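Heads up, the thing below is written out as C-alpha cells.
All ligand and atom numbering here is 1-based and tracks the order in the structure. Remember, predicted model here, so these are calculated numbers, not experimental data.
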Amino acid sequence: MIIAPSLLAADFARFGHDANRADRAGAEWLHLDIMDGHFVPNISFGPQLVRAVRPHFRRVLDVHLMCSKPEPLFQAFVDAGADRLTTHVELGNQVTPLLWKIRSLGRKVGLAINPPTLISQVRPYLDQVDLILVMTVNPGFGGQPFIEECVPKIQQVAAWRRQLGLDFRIEVDGGINDETAAECARAGADTFVAGTSLFRHRNLKLAVQRMRRVAAAAAPKG
Ligand code: DX5
Ligand code: ZN
C-alpha cells in the first residue's frame, strides 16, 4: 500500500516544511496537483514548486496534471524532479501521444479519470500505463466529499488488471480518509492520495501509518 499526501492541502506559505513533514512521516509518494485554471476551475502551482520541494522529499514525486495542454510542461516537470506524470483520459485523442511522450522522457506514466467519465474510456490504454488514477471527487479543490459512485470504477479497473495480467497501480484521489481508504482498498485500490485528512493532523506520521494499516487490512487477500 502506498500513501501519497497531497501538497494541495499543505500550508501554501511553507511548502518545503510540509514536504519535509511528509518525508519524515514515511509517506512513499508526495502528490502534487498541477491545475491550469482551464481543465479545472482553479490554479495551484507549477514546475518551480516541484523544484522547490524536491530537496525536501526523498522518495517519489507524483505529479497529477489537471491541465488541458500538458505536453509543453512535461520537460519542465521532469527537469524539476518529477518521478511520475499523470494526465487525464478526458483529453481524448491527445492521450496516446501524451502517454508515449511521458514514457519517452523516462518517467512513470499515469492516466486519470474523472467521476462522470465512463470507466470504459481507460480500457484501451491499460497496457500503456504504470498507474490508473480513479478520481473520487471532481478535480480542482481539496476538502471535497468522497463520491461513492466511483467505487465500482475501481472494481472494474482491478478486474481488468487481473484478467489482463497487468501490474499498473490503482490510485484514488479525493475525499480519502481512513474509512474511504479502506472502502477503496476493498475495491482494489493500492495507492491513496489524501490531503485534508492527513495534513490536518499534528502527527502526520501516525496519520500516514494508520491509513496504510487500515488500507492493508481491508485489501483483498491473495
Ligand atoms: C483534487 C486533487 C486532490 C486533492 C485531494 O483536484 O486532485 O489530490 O488535493 O484533496 P483531499 O484529500 O483534501 O480531498
Ligand atoms: Zn490529485
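Between K108 and R169, every side-chain heavy-atom pair lies at or beyond the 4.5 Å cut-off. Contact of the L30 side chain with the R59 side chain is not registered, since no non-hydrogen atoms from C-beta on lie closer than 4.5 Å. Contact check for E183 versus E148: side-chain heavy atoms found under the 4.5 Å cut-off. A 4.5 Å side-chain heavy-atom check between N138 and P116 finds at least one atom pair inside the cut-off.
Of all heavy-atom pairs spanning A194 and I176, the tightest one is CB-O, 3.5 Å.
Ligand 1 is surrounded by S6, L8, H31, D33, M35, H64, M66, M135, P139, G140, F141, G142, G143, D173, G174, G175, V193, A194, G195, T196, each with at least one heavy atom closer than 4.0 Å.
Checked against the Zn ion (ligand 2), the N, O or S atom of H31 at the shortest distance is NE2. For D173, the N, O or S atom closest to the Zn ion (ligand 2) goes by the atom name OD2. Within H64, the N/O/S atom positioned nearest the Zn ion (ligand 2) carries the name ND1. With respect to the Zn ion (ligand 2), D33 has OD1 as its nearest N, O or S atom.
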- Item | Verdict with supporting geometry, R54 and D83, salt bridge (Lys or Arg N to Asp or Glu O under 4.0 Å) | CA-CA 10 Å; R54 179 71 275 181; D83 296 290; 3.0 Å; yes
Can H56 and H17 be said to form a ring pair (Phe, Tyr, Trp, His ring centres under 6.0 Å), step by step? CA-CA 8 Å; H56 300 285; H17 172 267; 9.6 Å; no
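Remark: of the listed residues T86, D62, V134, L133, L133 is the sole one forming a side chain to side chain contact (heavy atoms under 4.5 Å, CB included) with D173.
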